[in-house]
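Remember, predicted model here, so these are calculated numbers, not experimental data. Residue numbers begin at 1 in each chain, while the letters A, B, ... track the order of the sequences.
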Amino acid sequence: MGVESDVKPDSVALHPVGAAGAPEVMGIFGTGDLGRSLGLRLLQSGYRVVYGSRRPHSCGPVPQGAEVASHAEAAKEASLIFVCVHREHYEFLTTLTPHLKGKVLVDLSNNLKKGIYPEANAAYLQRLVPGADVVKGLNTLSAWALQNGLLAGKQVYLCGNSANAKQAVSEMATKLGLTVLDRGSLSAARELEDFPLRLFPEWRLPLLVAACLMGFFYFYLLIRDVIYAYVETGQDISYRIMISLANKVFPIVSLVMLSLCYLPGCIAAFLQLYRGTKYKRFPNWLDRWMLCRKQMGLVALGLALLHAIYTFIIPIRYAVRHKLISRVVDENNKTTPFYFDNKEAWGTDSFYVLGILGFFLYLLLGLTSLPSVGGSLSWREFSFVQSKLGHLTLSICTAHGYIYGWNKFLRPSTYKWYTPPGYMLCLIVPSVVLVLKILLLLPCCVSVGWSHFCMYDSQTLKKNLYIYNQL
Amino acid sequence: MGVESDVKPDSVALHPVGAAGAPEVMGIFGTGDLGRSLGLRLLQSGYRVVYGSRRPHSCGPVPQGAEVASHAEAAKEASLIFVCVHREHYEFLTTLTPHLKGKVLVDLSNNLKKGIYPEANAAYLQRLVPGADVVKGLNTLSAWALQNGLLAGKQVYLCGNSANAKQAVSEMATKLGLTVLDRGSLSAARELEDFPLRLFPEWRLPLLVAACLMGFFYFYLLIRDVIYAYVETGQDISYRIMISLANKVFPIVSLVMLSLCYLPGCIAAFLQLYRGTKYKRFPNWLDRWMLCRKQMGLVALGLALLHAIYTFIIPIRYAVRHKLISRVVDENNKTTPFYFDNKEAWGTDSFYVLGILGFFLYLLLGLTSLPSVGGSLSWREFSFVQSKLGHLTLSICTAHGYIYGWNKFLRPSTYKWYTPPGYMLCLIVPSVVLVLKILLLLPCCVSVGWSHFCMYDSQTLKKNLYIYNQL
Amino acid sequence: MGVESDVKPDSVALHPVGAAGAPEVMGIFGTGDLGRSLGLRLLQSGYRVVYGSRRPHSCGPVPQGAEVASHAEAAKEASLIFVCVHREHYEFLTTLTPHLKGKVLVDLSNNLKKGIYPEANAAYLQRLVPGADVVKGLNTLSAWALQNGLLAGKQVYLCGNSANAKQAVSEMATKLGLTVLDRGSLSAARELEDFPLRLFPEWRLPLLVAACLMGFFYFYLLIRDVIYAYVETGQDISYRIMISLANKVFPIVSLVMLSLCYLPGCIAAFLQLYRGTKYKRFPNWLDRWMLCRKQMGLVALGLALLHAIYTFIIPIRYAVRHKLISRVVDENNKTTPFYFDNKEAWGTDSFYVLGILGFFLYLLLGLTSLPSVGGSLSWREFSFVQSKLGHLTLSICTAHGYIYGWNKFLRPSTYKWYTPPGYMLCLIVPSVVLVLKILLLLPCCVSVGWSHFCMYDSQTLKKNLYIYNQL
């Protein structure tokens, strides 16, 4: 027995401890990586560990201080047994049913895909060994996290039909430094088994919206720019597909996505004002929209970053250098002097400054979305960043868009084939959001408007509306 | 009763449990969002939950498994009651005083602003129901965090006059996965209620310093550049206000702020050497300065980032392109050949390289300020990054500044209207810091100097000095 | 006694509590910063605190509510005593041995360097006071973290020869919000004392590899570019050392480092296929390589960032502007018109676009390496990002390299002095990795190949191989 295992455990309710200081025994079936890592941690937390193995004498290395026995013997010694074998091998447990009667079996298994078995692994295990108390849980821990001691404060889920069994597993997990959350009866096992198989569910809608918008604007601009030039003047400017078009589509979609973060808050406020009550739930589509605002904002930030990088490399592009050189050659052949246009200098510089400041604020917003940064903010700080700073970002980026088109709005040549340019289309949603926002800030709406600064938290939103509606 | 509620609670001291396995009862007054979210979590953690409501039969949805009763009945059943109503509605509790005698009342309320009531909410509650044991706490949790199970490892504060009541609340909070910190008697309630209303208190001084410095340098450069040009030569170069001036002010203030991060450490070291003891406290202004070094550094990083972006877009500015074209046109009309100046190429390239490397190190310093990154470093690693790397960054950025002015220091035309240019002013503080630093590294000071590498931790500083002074 | 100290402690096993509600007493030897900070936290957690001091009446400020006594008296009152003095002063404890008999002594000390004493501090303490139960631990906490309440969920280590003593310290630490991990007997004390002195051990190999590669490629390119030009044509282009060469070395080494992240996974897969079993351990060099893939990837990201910044400032460099102006002057003197080369425009634009997209994906990979972001991903999400996205990044960056040399591969002038240019050399490793990857994706290897997407987790890798080998 290793030096680590001489700590007296503090859970005496379920697992009687012999002499004072004798450590509680934990059984582990399976000596694979997960079993070995788990055993090491249990030893470190002061438990005695007994492995159950088909070949107790040739099962490969186990952590120093652990014992190896046959499955039946291990089951006799331990009242809590971790099943660290794959579901395909559960069958052998049927031969052990007499030894497992009344024992707590912890099912830590995961599957490689969703829905490959009709039954949850834990439910299958319970069916195979009806006399035991099966608890599903800890399956979100990787062998790697276990081995590297990255457990502190991690949240794990449990479910099972026996409250006492769950209590025993919960106490063990707390000693390992985990935070346990009870998810109810064994019928929740499938849900727990699907946890490690999630693949960005909350990112799907924002990414889909972004992809659709990008597809639409890309083809719209392709027609207006490249195809128009080819049809009307016969010019081949297809090389613009790679960078010039993308550098128009990215900022357009980024601005639309950012304004879509703030639109549902405005809609909700007007809905509440119209209904005059907070006791009705928001429609489902609005709730769903509100819940993916963070992801929408981050997609918008990603596109803004791409826009920034595309802009930085403009001057080293071949086409741009070529144009500059041609320009100079033309200039040289002209006889008129080359004037400096002060208005043009002011205009383009303002345009760039607004873009830079907007991007900088965007980055600050994104930083507070990092779990560790956001978690260290107070509610008021978070709300300040996400609402005040968020709306400031939206205003600055919208102004960036307006300045881009400042002297082109009334020029007929802007409307090729009677279509408005992309930047005009993309200014519609942000302008609407900002107008709604200003309406909500008018005195008659100010208290309800106040409650809509909050970007992420539809619950807080409702709570604040509650205060308003009580007045 | 839901499937979640059949876990045996482990706190038996205050709340007697009937039959083995019967869950402890928690009362919640108020069925708003906070009440519902809290109830859901309590059910998930294995408690029985009884809501107290004015209208038990029409109070809106409650989580599955919870019961709803009148306030009086709920108070009878539960020994621990969460008050999830707004302070304005506390009055009704006076009618329940007989039922609340000896019960633990948890006040979770927050206010919308500081100081709108003369008394803390919890103190007011205790005055209304003197027979109950009021505990203030958990008020930093949002309904949103409760609903989404984001509690694992979160730190919450408690205060109250009854130790037993605090113990009971603390046990409940621990079961919910929270880490509890006792802040003493109920007189601390106001402090707890002000926590969620904090608005970046530690950022105020650094932002104020940065704003003052930026204001000063902006006007200084405005006079030297734009107004000087207008007065002396009649040129209108007002367009430079937008980008050119800002791109001088940002790096200047950034460098000054960065050196202000390291200045207090040097001052403290010399103060200790002068005093010859560590047993005297530092003056208050020095302590306060030391405590905001992290924020100062991050403001400096933000300004450095803006400087970098402003620099990247230089070549696409109208004014810059115009100048380039004019330059070529001039060159063309000249008859002298256009020579390549190797010294100029070396100079500007060194200038850029130092700027890039300085910015890169700045970013690394900023990364370790992220709570999750900094928290995973050992003390020595953190100290290495913040001191060795920090001083390296300062040296490189200062060199970047010196190279900028390399051949201009002795040129009379640099001193327009007898004023030194901005970059010379901004080099004063960093140069002083670096000289002090080198003095501290001299053999006679080396052991005390060693202790000043540490950027953030004035306590460690004192501890290290302690070692030195003991020798 | 302060208001904070009236909480009833819940650990009654070792330290008898008098009347109900009387707080447990903790002793602290030493009133330095660490002692004072620790005392404050213990008071806040409801303990009574007694300081032991040589000069009880002139020992400087202690936290409000704490008592000060002589060492002997403090030892009499408390059963658990924190030793907050430096190792050099431990000697005085020998005079207290009768008072310390049977007490738990917690050694929190750290050293300034590794190996300056032949014995661990805690072992030395145990030798001085053999009658006491010494527990080493909590030494990774700084006085600063203690004072600022940054303890929630932090993992601390304990070791000691007495299980009961460790249990008592563990209970106290849990009350302070810490997560405790038992590291065994007192012989582990040296290991614990070395923890705060670690200096990026896992970064050394990746940084060494990067430094060697950068040195090699730097000299290789110096010879091929600068020295070749000087020897063959007599041109002095030494200014290129600063930026042009660095901007070739950074992307080259970055790409090689990125492919080195993915190479060990491929080697492991082929090794398993060749051996036909997972029961043999990987060779040590492969294990070590796999464990530093995260750091390799981050070094590659840093170099890619430098490459990006170096690229952005290209157009404002003196040499580049000079070349542009010379070019125009030449163009002006020519009589042939200046044509636009559509193929060239497509080529350079594709080159830039691949670079930008590769860098963007690089950044996403880097983001998920942040502990707080990576920790919030499910296993499948993490694996998706690190494998699918990682290989996509590698493919795009490799394509970026191929396009750079697209029309130069067959041109004899490319091979100066019969050496291939740097970008050709750097394409070898990524190409090999991608070919191996594609081989593993062929139907015959697909199930084993699937298991190699995972970037960081050699354990998961083996687990997946296990499944494969069982089929």
Region of L197(A) in contact with chain C, defined by heavy-atom distances below 4.5 Å: both
Between F312(A) and I356(C), is there a side-chain heavy-atom distance shorter than 4.5 Å? no
Could you have a look at I313(A), L305(A), L306(A) and say which one has the most heavy-atom pairs with chain C under 4.5 angstrom? L306(A)
Please tell me if the side chains of R317(A) and P315(C) come closer than 4.5 Å, counting only heavy atoms from C-beta onward. no
Okay, I237(A) and chain C: the region with an atom under 4.5 Å from a heavy atom over there is neither
Output the option from L158(C), L364(C), D341(C) having the highest count of non-hydrogen pairs under 4.5 Å with chain A. D341(C)
Validation row: D349(C), Y318(A) side chains within 4.5 angstrom (heavy atoms): no
When the 4.5 angstrom heavy-atom criterion is applied to F195(A) and chain C, the contacting part is backbone
Heavy-atom count check: over 12 atoms from other residues, nucleotides or ligands less than 6.0 Å from Y230(A) OH? no
Beyond-backbone contact of I325(A) with L324(C), side-chain heavy atoms, under 4.5 angstrom: yes
Is it the side chain or the backbone of L363(C) that comes within 4.5 Å of chain A heavy atoms, both, or neither? side chain
Can you see which heavy atom on G302(A) is nearest to which on F360(C), and at what distance? O-CE1, 3.5 Å
Quick check: does any side chain N or O of Y352(C) sit under 3.5 Å from a backbone N or O of I243(A), one acting as donor and the other as acceptor? no
Heavy-atom proximity to chain A below 4.5 Å, by part of V156(C): neither
Side-chain heavy atoms of F384(C) within contact of L199(A), under 4.5 Å: yes
Counting only heavy atoms closer than 4.5 Å, note whether S244(A) contacts chain C via side chain, backbone, both or neither. neither
How are the rings of H322(A) and F340(C) set to each other: parallel, tilted or perpendicular (split at 30° and 60°)? perpendicular
Which heavy-atom pair separates E381(C) from P201(A) by the least distance, and what is that distance? OE2-CD, 3.7 Å
Value for CZ (R380(C)) from NZ (K114(A)), rounded to nearest 0.5 Å, stands at 7.0 Å
Quick check on the interface: out of D236(A), L370(A), I241(A), V373(A), who has the most heavy-atom pairs with chain C under 4.5 Å? D236(A)
What residue in T311(C), V353(C), T348(C) has the most heavy-atom pairs under 4.5 Å with chain A? V353(C)
Structural part of F351(C) lying under 4.5 Å from a heavy atom of chain A: neither
